[in-house]
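Note sheet for the following structure.
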Amino acid sequence: MSKEAKTLDERIDRIYKLAEEHFGEIRFAGIKKHNMIGWVAKVQFDAFESLTAEGATADEAVKNLRKRLKKIIDRYHMV
């Protein structure tokens, strides 16, 4: 039984939906290759500043962004 690998698009869609569900309007959710840093995943909001996460690969950057977003949501629910 092998797990089906998720595509980068599916991962970004999940992040977009998660952020929109908890924070409202989203302007942008995506990934970009930066020459000096590597891969950068970003969610840009209308109401406040954006969230970014870096990684050596595109998948790693998106996973790191999702972890960061979930930590913020969890902290918000604790208060």
Side-chain angles (χ1 to χ4, degrees):
M1 285 189 185
S2 64
K3 287 196 246 180
E4 190 174 319
K6 294 181 182 112
T7 66
L8 205 50
D9 287 338
E10 290 171 340
R11 291 182 195 277
I12 292 171
D13 281 343
R14 285 180 60 199
I15 288 173
Y16 185 92
K17 289 174 186 171
L18 182 66
E20 188 176 46
E21 184 178 304
H22 290 280
F23 299 107
E25 290 290 318
I26 307 292
R27 186 178 300 162
F28 170 79
I31 190 158
K32 180 179 178 182
K33 175 81 167 150
H34 191 280
N35 290 339
M36 300 179 96
I37 299 171
W39 288 95
V40 178
K42 181 177 184 177
V43 175
Q44 194 171 23
F45 301 97
D46 281 341
F48 47 95
E49 293 189 29
S50 59
L51 287 174
T52 61
E54 302 164 7
T57 65
D59 281 335
E60 188 179 314
V62 172
K63 286 178 184 179
N64 290 341
L65 179 61
R66 184 168 181 268
K67 286 178 191 175
R68 184 166 182 211
L69 190 60
K70 296 219 26 126
K71 279 183 183 178
I72 291 169
I73 291 168
D74 289 344
R75 286 184 191 151
Y76 176 77
H77 287 297
M78 285 174 56
V79 174

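Fair warning: this is a prediction, and the values are worked out from it, not measured in the lab.
A side-chain contact (heavy atoms from CB on, under 4.5 Å) with R66 is found for exactly one of R68, K70, K63, namely K70.
Separation of atoms NE2 (H22) and CG (L69) is listed at 8.0 Å; rounding is to 0.5 Å. Between atom CG of residue L65 and atom CD of residue E60 there is a gap of 12.5 Å, rounded to the nearest 0.5 Å.
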For residues 35-52, please give each side-chain donor-acceptor pair under 3.5 Å, one per line with the distance, not counting sequence neighbours.
| residue | atom | partner | partner atom | Å |
| --- | --- | --- | --- | --- |
| D46 | OD1 | R27 | NE | 3.1 |
| D46 | OD1 | R27 | NH2 | 3.3 |

Return all side-chain donor-acceptor pairs below 3.5 angstrom for residues 5-19, not counting sequence neighbours, or 'none' if the list is empty.
| residue | atom | partner | partner atom | Å |
| --- | --- | --- | --- | --- |
| T7 | OG1 | E10 | N | 3.2 |
| E10 | OE1 | T7 | N | 3.0 |

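For K71, the NZ atom counts as loosely surrounded, since its 6.0 Å shell holds 12 or fewer non-hydrogen atoms of other residues, nucleotides or ligands.
Across A61 and A53, no two heavy atoms sit closer than the pair O-CB, 3.8 Å.
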